[in-house]
Amino acid sequence: MPMKIALTGNYAVAYAVKLAKPQVIAAYPITPQTPVVEKLSEFVESGELKAQMIRVESEHSALAACLGAALAGARVFTATSSQGLLYMHEIIHWASRVRAPMVMAVVSRTINAPWNIWPDHSDFLDQRDAGWVMAYAMDNQEAFDLTLQAFKISEDPEVYLPVMVGLEGFVLGHTAMPVEIPDEKDVDAWLGERRQPYVVDGSEPIGVGGLTWPEDTEDMFYGIQQAMERAKSAIKRVDAEYGKLFGRSYGGLIQCYRCEDAKYIAVSMGAWSGELMESVNMLRDEGYPIGVARIRFYRPFPHEDLWEVARSARAVFVFDRAISFGSWGQIYADLVAGLLLHTNKLPPVMDIVTGIAGVHVSAEDFYAMIKKLIEKVESGHNIGYFEWVRVRR
Amino acid sequence: MSAPQTQRPLPPLPAKARGIVLPGDTSCPGCPIPIAFKVLASVFGDKMILVIPACCTSVILGTYPGQSLKAGVIHVPFASAAAVASGVAAALKMRGIEDVQVIAWAGDGGTADIGMATLSGAAERNEDIIYIMYDNEAYMNTGIQRSSATPQGAWTTTTPVLGKLEPKKDVAKIMIAHGVPYVATASIAYPHDFYQKLMKAKSIKGFRFIHLHAPCPPGWRFDPMYTVRIARLAVETGLWILYEYHNGKLMLSPPSQPYLDPSKRKPIEEYLKLQGRFRKITPELIKAIQQHVESNWEWIKKMMS
Ligand code: SF4
C-alpha cells in the first residue's frame with residue numbers, strides 16, 4: 001500500500017533511495033546534504049536496506065567508490081552539496097565518460113567563498129558539461145519521484161549515463177512536506193534488476209578507461225551525445241509509466257503551468273518555481289496572459305519542448321538562480337541557443353538573474369518584476385536582455 | 001672479497017602468468033612493471049581486478065581496444081585508486097563474488113602524494129583490498145619529476161641542480177601506524193619473496209599494503225640491463241629492507257636477514273654509483289643517506305623485538 005508521510009526533502013531522497021535498493025552507498029557529510037546520508041546509514045544499520053555503506057574521507061572518494069562499485073555491477077548512490085560537488089568534479093566527468101550508471105542527489109547550496117550555506121543553483125549548474133543527465137525538483141514529492149526515476153533512467157539501455165537530481169538545501173532539504181511513498185513490491189517490479197553496459201567483476205578480462213587514440217575517444221564522446229538525445233524519450237517514457245503506476249506524471253523534461261493560452265512565458269527551475277507560479281496566479285487575476293515553463297531536466301536540454309511553449313510568445317522571461325560571471329545565467333544561454341535551432345526570429349528573451357547566494361525571492365517579488373517587464377513590452381519598449389535583480393527588504 | 005653466498009636455486013614461480021601478462025606492452029626496456037605483473041599473475045591468475053590511477057601503467061598496458069594484461073583493469077583519476085578499489089570490493093561482496101582479488105596498483109606519486117588521503121581513508125576503514133605501491137621514486141610517466149618518495153640526493157627534472165634535499169617518505173611505516181592487518185615491503189629483484197607476500201596477503205582479509213621497490217632505467221639514469229641488479233643492490237646495501245608486518249609483529253624477510261649485521265651490508269656507494277640520478281650527490285648527502293639507513297635498521301630492530 002502506498003503511504004503518505006511528512007518528509008523533509010533530504011528524507012524524501014533517502015526514502016526513494018531505500019526503495020531503489022542500491023547495493024553500495026558512499027558518502028561524505030556536508031551541510032545541507034548530511035541528513036540524506038544519516039537517514040541512509042540508519043536504514044543500513046537497522047537492516048532495512050541491504051547495502052554496503054562506505055563512509056569515505058572525502059567527496060572525491062565518495063564518487064570514486066561509487067564509480068568502482070557501479071563498474072563492478074552494483075546499483076549505487078551518493079549525495080552531496082556545493083563544495084563537495086566541486087571536489088567531486090573530476091570523478092563526475094570520469095563516471096559519465098565510462099558510462100557508469102549511478103544516481104547522485106545534489107542538495108544545492110551556493111558555491112563559496114564566502115562561507116554561505118543558503119541555496120542557489122551555482123553548484124548544480126557548474127556540472128552542466130559533465131555528461132550527466134541532470135534533473136531538478138520543485139518540491140519534496142518531486143525530489144522523491146525524480147530520485148526513484150533517476151535509477152530507472154540511468155540504467156535504461158538507451159541511456160546508460162549517470163543521473164543527478166538537484167533540490168534546494170533547506171528550502172526543500174530541511175522543510176517537511178507530505179510525500180506519498182509507493183508500495184515496495186510495485187517499485188521492485190517496475191525498477192527491476194541493475195542494468196549496465198558492461199561489468200568489471202572478474203568474469204572476463206576487460207579494461208576500462210585506458211589510453212585511447214583521439215578518434216576512438218571522440219567516438220566514445222559522440223556516443224554520450226547520442227545517449228543524451230535518446231534520454232529525452234526515455235525520460236518521457238519513464239515519467240508516463242511512473243504516472244500510470246504511481247499516479248504522478250509531470251509532463252517530461254519540462255512542466256508547463258498555465259501555458260496553454262499564455263502570451264508571456266516565464267522559465268525557471270527548482271523550488272522557487274512555486275513562488276513564480278503563485279505570482280502567475282496573481283498576474284492572471286489581473287488579466288495578464290502568462291504561464292511558467294519549469295525545467296525539470298536541464299541535461300539533456302529540453303529545447304524542443306521549450307520551443308513549443310515559446311514559439312508564439314510575445315516575450316520570454318528567464319529566471320536564473322546562478323550566473324556564469326562575465327556573461328549571464330546558464331539557463332538563459334542554453335535557452336537562447338536552443339530556440340535558435342528552431343527559428344531565426346526569436347521573441348524577446350530576457351534574463352533575470354536573481355536570488356543569488358540564497359537571497360529569498362517571494363511571489364510578490366516575481367509579480368513586481370514580471371509586471372514591470374510585461375508593461376514595457378506592451379508599451380513597445382525594449383526590455384533589454386539581461387538584468388541582475390538584487391532583491392532587498 | 002667475501003665468497004658469494006651459495007643458495008639453492010629457487011624453483012620457478014607457478015606458470016599461471018602465461019597468457020595473462022601478454023607480450024606487446026609499451027614499457028621502456030628494462031621496466032620493472034612487467035616483472036611485477038608476472039608475479040601478480042602467478043598468484044591470482046586472471047582472477048584479479050587492478051584499479052590503476054595515473055602512472056606509467058596507465059600507458060604501458062597498451063591502447064584501446066588492446067590490453068597487454070588479461071585481467072580486469074579499471075583506470076581511474078590520480079587521487080582515487082584506493083577509493084575506487086573500495087567500491088569494487090564492496091560491489092563484489094554484495095554480489096557474492098569471492099574468488100576475485102581487488103588490487104589497487106599505484107605508483108609512488110599516486111600513493112605517497114596525491115593519493116595519500118584516499119589511501120589513509122581506505123586503510124582506516126580496513127577495506128578488503130590489496131594496495132600495491134610500485135615505487136619508482138618519481139613521477140616517471142610525466143618525465144621524472146620529484147615525488148615525496150624520491151630519495152634524498154636524487155636528481156629529478158624538478159630538482160635539477162641541487163637534487164632532492166629531503167629524505168624519502170616512508171609509506172609502509174605510515175600504513176603500519178594505521179594498524180592495518182598486513183603491511184610488507186618487496187622488491188622486483190626478489191620475485192619469490194614478493195610471491196610469498198602476495199600469497200600471504202591473499203590469505204588475509206581486510207586492508208593489505210605492499211610497498212614494492214621498482215628501479216626505473218630512464219628515471220634513475222642507468223642501463224636497462226641493470227634493473228634487477230640495482231634493485232638487489234638496494235637490499236644488499238641495507239637501503240631497502242624487506243619485511244612483513246602482520247598481527248602487530250614485524251618479521252624481517254629472508255633476503256634482508258643477513259643485513260641485520262651491518263658488516264654484511266655493501267657500501268651504499270655501490271648502489272648509488274650505478275645510477276646517473278646520484279651523479280652529483282655530495283659527500284654530505286651520502287652521509288645523510290647512510291644515517292638514514294642506520295636509523296631505519298634501528299627501527300627494524302625495535303619493531304622485531
Ligand atoms: S619510465 Fe620507468 S617505470 Fe615507467 S615505463 Fe619506463 S621503465 Fe617502466
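Just the heavy atoms: all of them, side chains too, but no hydrogens, waters or symmetry mates, feed the values below.
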B:Ala89 portion near chain A, given a 4.5 angstrom heavy-atom threshold: neither
Sidechain N-carboxylate O distance under 4.0 Å for B:Lys70, B:Asp46: no
N-O pairing of A:Glu42 and A:Lys18 below 4.0 Å: no
Heavy-atom proximity to chain B below 4.5 Å, by part of A:Ser58: neither
Heavy-atom proximity to chain A below 4.5 Å, by part of B:Ala71: backbone
Lys/Arg N to Asp/Glu carboxylate O, A:Asp188 vs A:Lys21, below 4.0 Å: yes
Contacting region of A:Ala62 [heavy-atom separation from chain B under 4.5 Å]: neither
Check ion pair B:Arg95-A:Asp201 (N to O, under 4.0 angstrom): yes
B:Phe209 and B:Phe207 aromatic ring geometry - parallel, tilted or perpendicular at 30°/60° bounds: parallel
Chain B contact via A:Met220 - which portion, at a heavy-atom distance below 4.5 Å: side chain
Top contributor to chain B interface from A:Ala26, A:Gly68, A:Ala70 [non-hydrogen pairs under 4.5 Å]: A:Gly68
Contact class of A:Arg55 relative to chain B, heavy atoms under 4.5 angstrom: backbone
Contact class of B:Val88 relative to chain A, heavy atoms under 4.5 angstrom: both
A:Arg195 bridged to A:Asp156 by N-O distance under 4.0 Å: no
Largest heavy-atom contact set with chain A, pairs under 4.5 Å, which of B:Ala83, B:Ser120, B:Gly66, B:Ala82: B:Ala83
Check ion pair A:Glu155-A:Arg75 (N to O, under 4.0 angstrom): yes
Which atoms of B:Ser58 approach chain A - backbone, side chain, both or neither, heavy atom under 4.5 Å: backbone
Region of A:Val56 in contact with chain B, defined by heavy-atom distances below 4.5 Å: both
Portion of B:Glu124 that has a non-hydrogen atom of chain A nearer than 4.5 angstrom: neither
Under 4.5 Å from any heavy atom of chain A - which part of B:Ile74: both
Between A:Val76, A:Val24, A:Leu63, A:Val98, the one whose heavy-atom pairs under 4.5 Å with chain B are most numerous: A:Val24
Heavy-atom pairs under 4.5 Å with chain B, option from A:Ser61, A:Ala64, A:Ala74 with the top count: A:Ala64
Six-ring centre of A:Tyr298, A:Arg128 cation under 6.0 angstrom, axis tolerance 45°: no
Geometric class of the B:His246/B:Tyr182 ring pair [parallel <30°, tilted 30-60°, perpendicular >60°]: perpendicular
Polar side chain donor-acceptor pair, B:Ser86 to B:Arg125, under 3.5 angstrom: yes
